[in-house]
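The basis for the numbers below is simple: all heavy atoms, side chains too, and nothing from hydrogens, waters or symmetry mates. Chain naming here is simple, since letters A, B, ... match the order of the sequence lines and numbering starts at 1 in each.
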Amino acid sequence: MNFDLSEEQSALQDSVGRLLRNELEQTRLLEIFDSEDGHDVRLWRALGKLGVLGLMIDEKHGGTGLKMLDAAVVTEILGYHGTPGPYLGHVAAALAISLGGNDAQKERWLPRLADGDCVGTVALAESGDAWQPDEWALPGQAALNGAKRNVLYPGQADLMVVGVAGGGLVLVENPAQSVEVTPLPSLDATRRIAHVTFRDTPAVPLGGSAGRLRDALLVLLAADAFGGARRCIDMAVDYALTREQFGQVIGAFQGLKHQLANVAADVEPARGLYWYAAHAYDAVPDDAERMAALAKAHIAERFLHAARETTQAHGGIAYTWEFPLHVWLKRAVFDRAYMGSTSVHRARVADLSGWAQAG
Amino acid sequence: MDLSYGVEYEAFREEVRAFIAENWSRRDARDPQRVTAFRLRATAAGYLYRNIPRRFGGSEQPADVLRAQVIHEEFSAVRAPMEIAGNGVRMLVPTLLECGASWQQEKFIPPTVRGEVDWAQGYSEPGSGSDLASVRTRGELVGDEWIVNGQKIWTSRAQLCRYMFALVRTEPDAPKHQGISYLLLDLHQPGVTVRPLKQITGQSTFNEVFFDDVRTPADWIVGRRGEGWQVSRATLKHERTGIGNAETYLEQFAKLVNVARSTARNGRPAIEDPIVRDRLAEIEGYLQAHRYSTFRQLSMNLAGRNPGPVTTMNKLVVTNLGHLIAALAQELIGDASLLLPVYEPGRKVGNERWMNQFFGSLGIAIAGGTSNIQRNIIGERGLGLPRDRTGDAS
């Protein structure tokens with residue numbers, strides 16, 4: 001048995017962590033958080049240069065040809081650093097083209113997605129929190145008419161993968177010319193969302209499975225949430241070791257120590273859960289869908305809990321905009337809601353577990 | 001990432017299966033002689049008592065966590081007898097192997113391994129629970145004997161045990177931790193009084209043990225005078241690694257799902273109720289997280305790497321799991337929770353058997369270091385927060 005990361009995977013995490021420590025110290029993160037579009041091109045280019053944007057794109061098309069597990073462990077690090085930008089939708093769009101695009105589409109888009117030369121996104125949700133493929137109602141025709149909600153960075157996107165009725169996917173190229181974007185005040189300003197409206201928007205069908213794309217996003221959200229939760233704990237421990245009250249560092253007080261111990265014990269075991277969900281996506285088809293749903297539901301919930309607890313543990317400083325913990329609190333809210341909330345995925349876990357059958 | 005055990009271990013699994021098929025049938029479980037004979041054969045084959053030298057009745061196998069895991073899986077699958085349960089094999093033997101004199105190892109380990117004698121653990125006292133180093137039972141060396149006076153509590157199975165390993169204050173003038181010795185006591189002697197404690201379950205599995213001028217030879221001490229605290233750490237280490245088994249909770253969860261199938265809510269099977277399904281899925285999130293967390297820890301241990309702070313969290317994690325399971329089980333069994341489970345001939349015990357899990361989940365939160373002590377350990381050793389200035393958390 002070897003349920004551990006390979007040396008290459010650990011090294012990949014280290015190199016991404018190094019880049020983000022340099023490029024994204026806390027003042028810079030807050031600048032991007034407060035910026036007009038929440039997208040830092042320099043950071044994006046650096047991530048592309050490091051290979052982060054093309055991990056699952058095959059080598060023939062300029063990517064690294066790695067698996068979901070590799071992408072997930074990198075996503076944990078991006079989550080740890082609160083990395084802003086179109087990463088999540090971008091990786092999902094590239095995956096959709098890898099899974100269901102024809103040769104011409106792959107050759108046209110994948111190399112440019114891999115190095116970050118262009119930005120991809122996915123448009124999935126419809127009104128009524130309808131994130132799941134079987135809930136999509138947008139008619140999948142050569143000319144799209146209708147709307148999608150809560151799309152990541154549609155204004156920056158060079159291509160958009162759109163979920164359509166019946167659980168299919170279509171590709172909209174150069175959406176800036178054919179899609180109307182309604183910006184929204186994003187709570188998590190590291191992941192900007194907007195509504196989009198299609199009016200006779202040209203679209204071409206993609207092969208591949210929307211369910212598979214959904215599972216991929218769930219695993220990546222779980223990984224992001226684990227990294228974010230870990231960061232909340234680290235920030236609170238750092239603070240507990242430096243802040244003094246009543247003549248000692250506050251981390252010596254049992255009330256705080258126990259609070260942080262509870263959060264750590266709540267979060268830390270979940271590392272293996274997202275690893276396994278990613279591994280199942282790569283290698284255990286029978287377990288992939290259920291584990292992706294379980295990991296997303298469980299870890300997004302742990303992240304939100306950790307962010308709330310550690311915000312309280314800091315006291316007043318964490319209630320200010322200038323202290324960056326709120327970035328992770330808001331990312332936790334995003335990770336919980338995006339692609340469907342906890343109760344939705346727990347219900348799916350229940351359905352996929354076959355619990356109602358005689359055992 | 002590879003979750004299989006690999007070719008070598010799957011071949012070993014076949015070997016273990018063949019051994020069991022040849023040597024064990026479920027009917028044997030009712031015959032103590034056959035159980036003993038099976039253990040001897042399984043030990044000779046290298047499956048039991050793997051870290052105990054052959055001269056003491058063990059099988060002296062090289063440490064191999066995966067082989068141990070395969071043996072555990074295959075033996076448990078058919079309920080073949082594993083090592084003798086109890087504090088003797090689980091705690092005293094490893095302690096003697098680590099800290100005992102060779103005559104102590106020769107005298108005590110073989111009969112313990114054969115199951116001829118069992119040991120009571122004499123640690124806690126009425127005034128020494130989490131603050132174990134405050135023990136007050138005293139031992140005085142008079143001639144070639146220790147004279148022991150005092151009281152121990154929470155002593156599991158003391159009425160069935162021949163011996164006790166005990167923490168006894170032998171150096172009353174030394175600082176708290178340096179004044180304790182680790183003594184071995186024969187419980188079959190005048191001056192030892194065992195009084196069963198009736199537990200909240202109505203059953204009695206642990207006791208108070210009183211010592212009134214109880215005697216033990218001067219050399220029945222493990223380690224030197226005043227070193228008992230360090231010696232006991234070796235034992236506690238073994239106890240703590242024994243808690244945290246995900247398989248136990250996977251089985252408990254499967255039973256919980258079965259209860260949800262067989263009980264009703266709003267006139268329908270409870271398993272169809274969205275709230276019940278949500279809570280089951282919540283529990284399964286924690287359960288699978290812990291399961292893969294233990295796989296990760298096992299893999300890293302195998303590779304000689306440190307899994308990090310998570311190792312300090314396992315006990316609290318499974319305690320919390322037990323609490324979540326207990327809470328949902330109470331909801332599902334409904335009015336059956338109004339009954340105390342009573343085991344008598346002719347009485348059928350129904351879903352009230354879950355009250356044992358309900359009480360047991362509280363026991364786990366207390367035994368082997370309470371949850372609040374675990375939180376100190378996680379905070380201090382796991383997260384690196386400062387030690388409580390008054391505490392002896394570790």
Which bit of L5(A) is near chain B, if near means a heavy-atom gap under 4.5 Å: side chain, backbone, both or neither?
both
Best-contacting candidate, N320(B), L280(B), T312(B), against chain A by heavy atom pairs under 4.5 angstrom
L280(B)
Please classify the contact between V317(B) and chain A as side chain, backbone, both or neither, with a heavy-atom cut-off of under 4.5 Å.
side chain
Contact origin within N372(B) toward chain A - heavy atom pairs under 4.5 Å:
both
Can you confirm whether the side chains of R296(B) and Y276(A) place a donor and an acceptor under 3.5 Å from each other?
no
Taking the side chain as every heavy atom from C-beta outward, state whether S293(B) and L273(A) have any atom pair closer than 4.5 Å.
no
G379(B) to A261(A) - nearest heavy-atom pair and separation:
N-CB, 4.1 Å
Turns out that what part of L316(B) lies under 4.5 Å from chain A's heavy atoms comes down to side chain
What option among D234(A), V237(A), T342(A) has the most heavy-atom pairs under 4.5 Å with chain B?
V237(A)
R279(B), E282(B), E272(B): which one forms the most heavy-atom pairs within less than 4.5 Å of chain A?
E282(B)
For L66(B), is it the side chain, the backbone, both, or neither that has a heavy atom closer than 4.5 Å to a heavy atom of chain A?
side chain
Residues passing the ring pair (Phe, Tyr, Trp, His ring centres under 6.0 Å) test with F323(A), sequence neighbours excluded, are H314(A)
Could you check if a side-chain atom of S353(A) sits within less than 4.5 angstrom of a side-chain atom of E284(B), using non-hydrogen atoms only?
yes
Any R305(B) side-chain heavy atom under 4.5 Å of D4(A) side chain:
yes
NE2/H298(A) to CD/Q288(B) distance, rounded to the nearest 0.5 angstrom?
10.5 Å
Is it the case that more than 12 heavy atoms not belonging to D14(A) sit under 6.0 Å from its CG atom?
yes
Output for pair (W355(A) CH2, L256(B) CG), nearest 0.5 Å, gives 9.0 Å
Indicate yes or no: at least one non-hydrogen side-chain atom of Y286(B) is less than 4.5 angstrom from one of D266(A).
yes
Can you tell me how far the OH atom of Y292(B) sits from the NE2 atom of H279(A), to the nearest 0.5 Å?
8.5 Å
R277(B) side chain reached by V349(A) side chain, heavy atoms, under 4.5 Å
no
Which one wins on heavy-atom pair count under 4.5 Å against chain A: S371(B), A281(B), S262(B)?
A281(B)
Which bit of D351(A) is near chain B, if near means a heavy-atom gap under 4.5 Å: side chain, backbone, both or neither?
both
Taking atom CD of Q374(B) and atom CG of N262(A), what is their separation to the nearest 0.5 Å?
11.5 Å
Chain B heavy atoms under 4.5 Å from L294(A): which part of the residue, side chain, backbone, both or neither?
side chain
To the nearest 0.5 Å, tell me how far H258(A) NE2 sits from L385(B) CG.
10.5 Å
Per-residue contact mode, A264(A) against chain B (heavy atom under 4.5 angstrom)
both
To the nearest 0.5 Å, what is the distance between CZ (R375(B)) and CD (Q259(A))?
11.5 Å
Backbone N/O of P269(A) and side chain of H290(B): donor-acceptor pair under 3.5 Å
no
Structural part of R348(A) lying under 4.5 Å from a heavy atom of chain B
neither
Residue I275(B) excluded, over 12 heavy atoms near CD1 under 6.0 Å
no
If only atom types and distance count, is the side chain of K257(A) paired as donor or acceptor with the main-chain N or O of R387(B) below 3.5 Å?
no
Okay, S6(A) and chain B: the region with an atom under 4.5 Å from a heavy atom over there is neither
Taking atom CZ of R50(B) as the centre, report whether more than 12 heavy atoms of other residues, nucleotides or ligands fall under 6.0 Å from it.
yes
